[in-house]
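Report on the following structure.
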Amino acid sequence: RGLIEALIGSTTSDGTKTWAQFGTYNPTLNGSYCPATDNATSGGVAYVDAGTGDLSQTWTLPTLPGAFGKSSVAFRVSDGSNFWLAEVRQGSSTTSGSYTATIAKIVAGTTTTVANNSLLSGNLAAADAIEIVAVADRIKLYHNGPLVLDTGTGQTFNQTATKVGTFLI
């Protein structure tokens with residue numbers, strides 16, 4: 001079981017790594033799924049130290065996101081204001097036929113979108129597998145196998161930060 005999956009569960013450890021948090025986020029709150037209505041009321045990063053900034057982590061959507069619902073993962077985290085974020089967001093309804101994927105960096109609390117695709121066909125569903133692969137200066141996001149986002153090379157921000165976890169805004 002991956003480090004991110006351990007955070008989504010109800011335990012505070014994956015057996016070898018114990019999670020910690022920045023902000024007020026409780027990792028068992030809606031799993032890793034954040035309905036759009038929670039945006040203004042919760043915040044923070046729950047994480048474990050993966051021991052490396054190069055990673056391949058998969059998380060499974062625990063719940064079918066509603067309209068504009070999202071699931072987010074923080075990686076290459078150094079603190080609550082400096083990390084990378086991968087996110088998938090449902091379209092205007094669960095049957096809209098489209099969703100958005102985003103890779104962004106948060107530097108000193110300011111979010112900058114590095115890669116975004118808002119025209120992905122299909123819908124997000126419970127048990128979908130979302131994988132983030134960050135190796136050297138390149139970051140990729142996969143959905144149920146196929147590549148949906150690629151930052152290209154040159155993404156050196158927080159490249160050696162080793163924390164990975166869930167994020168709720």
Which value, rounded to the nearest 0.5 Å, describes the distance between [X] atom [atom1] and [Y] atom [atom2]?
X      : Y      : atom1 : atom2 : answer
Lys140 : Asp150 : NZ    : CG    : 5.0 Å
Trp59  : Ile130 : CH2   : CD1   : 6.0 Å
Lys105 : Thr111 : NZ    : OG1   : 11.5 Å
Thr113 : Leu85  : OG1   : CG    : 9.0 Å

Closest non-hydrogen atom pair, [X] against [Y]:
X      : Y      : answer
Thr162 : Gly53  : CG2-N, 3.9 Å
Ala86  : Ile132 : CB-CD1, 3.7 Å
Ala101 : Asn116 : O-OD1, 3.2 Å
Ala161 : Ser78  : CB-N, 4.0 Å

Checking side-chain polar atoms at under 3.5 Å, does Asp137 have a donor or acceptor matched by the opposite partner on Thr156?
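On atom types as modelled, these side chains do not qualify, holding no pair under 3.5 Å.
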Side chain proximity check, [X] to [Y], heavy atoms < 4.5 angstrom:
X      : Y      : result
Asp128 : Tyr99  : no
Phe75  : Ile139 : yes
Arg76  : Asp54  : yes
Thr58  : Tyr142 : no
Val114 : Phe157 : no
Asn82  : Asn158 : yes

Verify same cluster id: Val133, Leu147 (apolar side-chain graph, 4.5 Å)
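Yes: a chain of side-chain contacts under 4.5 Å links Val133 to Leu147.
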If two hydrophobic side chains count as joined below 4.5 Å and joins carry through other members, does Val164 share a cluster with Val107?
yes
Identified side chain to side chain contact (heavy atoms under 4.5 Å, CB included) partner of Asn117 from the options Leu141, Ile103, Leu149, Thr102:
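Between Asn117 and the candidates, side chain to side chain contact (heavy atoms under 4.5 Å, CB included) is satisfied uniquely by Leu149.
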Any donor and acceptor pair, going by atom type alone, linking the side chain of Asn144 with main-chain N or O of Ala129 inside 3.5 Å?
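Yes: the side chain of Asn144 pairs with the backbone of Ala129.
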